[in-house]
Structures are given as structure tokens and as C-alpha cells.
Amino acid sequence: MADKKILVVEDEVHIAEGLRFNLEEEGYRATVAETGEAALALATQFDLVILDVMLPGMDGFQVLGNLREQGCFVPVLMLTARGRPEDILRGFASGADDYLPKPFDLSILIARVNGLLRRAAWTRQNAASDSEFTIGDRVIDFRTMEVRHGEARFPLTLMEANLLRYLIKHEGEAISRSRLLEDVWGVREDTDTRAIDNFIVRLRRYLEEEPSQPRHLFTVRGVGYRFVR
Ligand code: CA
């Protein structure tokens with residue numbers, strides 16, 4: 001993991017510098033951006049982004065939304081003072097890969113960073129042996145992290161790829177939203193589960209000919225979802 005480049009997006013100088021110092025102690029190369037606008041310009045050059053929600057101007061959710069819209073799928077760890085489940089889910093729904101409420105313990109943050117980089121590497125490596133999965137005329141490519149449909153390409157975030165992998169592994173089973181949250185996101189089940197629905201909407205856009213009449217990713221009323229090839 002040494003030599004990985006991490007972008008710290010945080011306007012509070014003492015927190016940003018503390019993070020930069022500690023990440024560099026761990027062997028990472030860290031750069032600080034103080035605004036969301038600066039982060040957007042830089043993010044594609046990094047292996048991981050630590051993104052604070054509270055920023056002057058554009059906030060962390062907007063930065064993340066913009067990054068994903070621009071097709072930048074660098075792993076993002078969000079930081080916020082608000083640890084409420086709905087904020088966690090909003091973070092995940094906007095495409096965050098992990099989430100840590102402030103104030104946080106530095107050793108926990110480092111552990112999350114290590115874990116996220118490992119998970120990103122694992123998703124790609126694991127993909128190497130089992131890299132493609134065909135559904136109708138679409139191909140999910142876990143190596144390049146995209147869904148291909150003719151000339152169209154739909155890039156996947158880490159969480160979208162992990163969710164797809166999980167659904168494929170459990171093909172045919174009705175899986176509850178709380179089980180998905182717990183197994184895919186590692187979030188406990190007392191959390192509001194509606195954010196899952198946003199992910200399913202996006203996956204249907206990638207996988208279904210007619211997203212409003214799914215043939216692969218079914219809603220199971222009162223339970224959750226069921227995937228069939
Ligand atoms: Ca801040």
C-alpha cells in the first residue's frame with residue numbers, strides 16, 4: 001500500500017495537517033485541498049480521497065456527486081460531524097465507499113484507509129479470475145469496473161460493483177434490504193434501508209432493457225430484491 005496517493009479535502013487546517021502528517025507516517029503520499037472546487041480538479045490523480053462534508057462553497061456531497069458524474073470512481077472515505085444513519089446513507093447513495101463520523105480516532109481513520117485501499121485492490125484482483133459476467137446482451141466487467149452494452153459504458157463505483165457481485169453470488173434468492181446493508185455496506189440493520197433503493201435504480205439502468213419492468217433485478221414485495229441472470 002506504500003506510495004499510494006491520498007487527497008485530503010478539509011478546510012480546517014489543523015485537522016487537514018494532522019491527517020496529512022499521520023498518513024505520511026504510514027507511508028502514504030498525502031495532499032491537502034481546502035475546497036471542493038480544488039478537490040474536483042485534483043481527484044483523478046489520487047488512489048483515495050478523504051472528503052469532509054462541511055466545506056466552504058460546495059459541500060462534500062456535491063463534490064462526490066460531481067466526481068461520480070464526471071466518471072471519476074476513485075474510492076472516497078467521507079468525514080462528517082453528523083453520524084446520523086440518514087447521513088451515512090446519503091453518503092453511500094452519493095457514491096461514497098466508506099464513512100467516518102467526526103470526531104474520529106486517527107488510528108481508526110488509518111485502519112479505514114488501509115481497508116478501503118485493500119478492498120479496492122481486492123475487487124480488482126478478485127475480478128481477474130472471474131472478471132466478466134454476461135446478462136443478456138450486457139457484460140459486467142469487474143476488472144475495468146464497468147457494464148458494457150454495445151457501445152455504451154456504465155462505470156461502476158466500488159459499492160455498486162460489490163453490490164452486483166453479492167447479488168450474482170446469491171442469484172435466485174430473495175434478499176432483504178437490511179441483509180444487503182449489513183453484508184455489502186457493513187451497516188447495522190436498525191438503519192433506514194431506503195438508500196439501497198437508489199442503488200437498485202442505478203443498477204437497473206445499467207442492466208435492464210426497460211428499467212421500470214425489470215427482468216433481472218426484481219423487487220420482492222415486503223422483503224427486498226431478487227436477482228436472476
Ligand atoms: Ca470542514
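Keep in mind that the numbers below use all heavy atoms, side chains included, and drop hydrogens, waters and symmetry copies. Numbering of ligands and ligand atoms starts at 1, following listing order.
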Residues 42-55, side-chain donor-acceptor partners within the protein, below 3.5 Å, at least two apart:
| residue | atom | partner | partner atom | Å |
| --- | --- | --- | --- | --- |
| D47 | OD2 | K5 | N | 2.7 |
| D52 | OD1 | K102 | NZ | 3.1 |
| D52 | OD2 | K102 | NZ | 3.3 |

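Under the salt bridge (charged side-chain N to carboxylate O under 4.0 Å, His left out) criterion, R204 pairs with no residue at all, not counting sequence neighbours. Take N66 and apply the side chain to side chain donor-acceptor pair (under 3.5 Å) test, not counting sequence neighbours, and it matches no residue.
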Inset, instruction - Please test V32 against E10 for side-chain contact (heavy atoms from CB on, under 4.5 Å), starting from the C-alpha separation and ending with a verdict. - result: CA-CA 7 Å; V32 173; E10 168 64 279; 5.7 Å; no

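Between A33 and L7, the shortest heavy-atom distance links the atoms CB-CD1, 4.0 Å.
Within the protein, the N, O or S atoms sitting under 3.0 Å from the Ca ion (ligand 1) are E10 OE1, D11 OD1, D52 OD2, M54 O.
Cation-pi check for R202 over F154 is not met; the charged atom does not lie both under 6.0 angstrom from the ring centroid and within 45 degrees of its normal.
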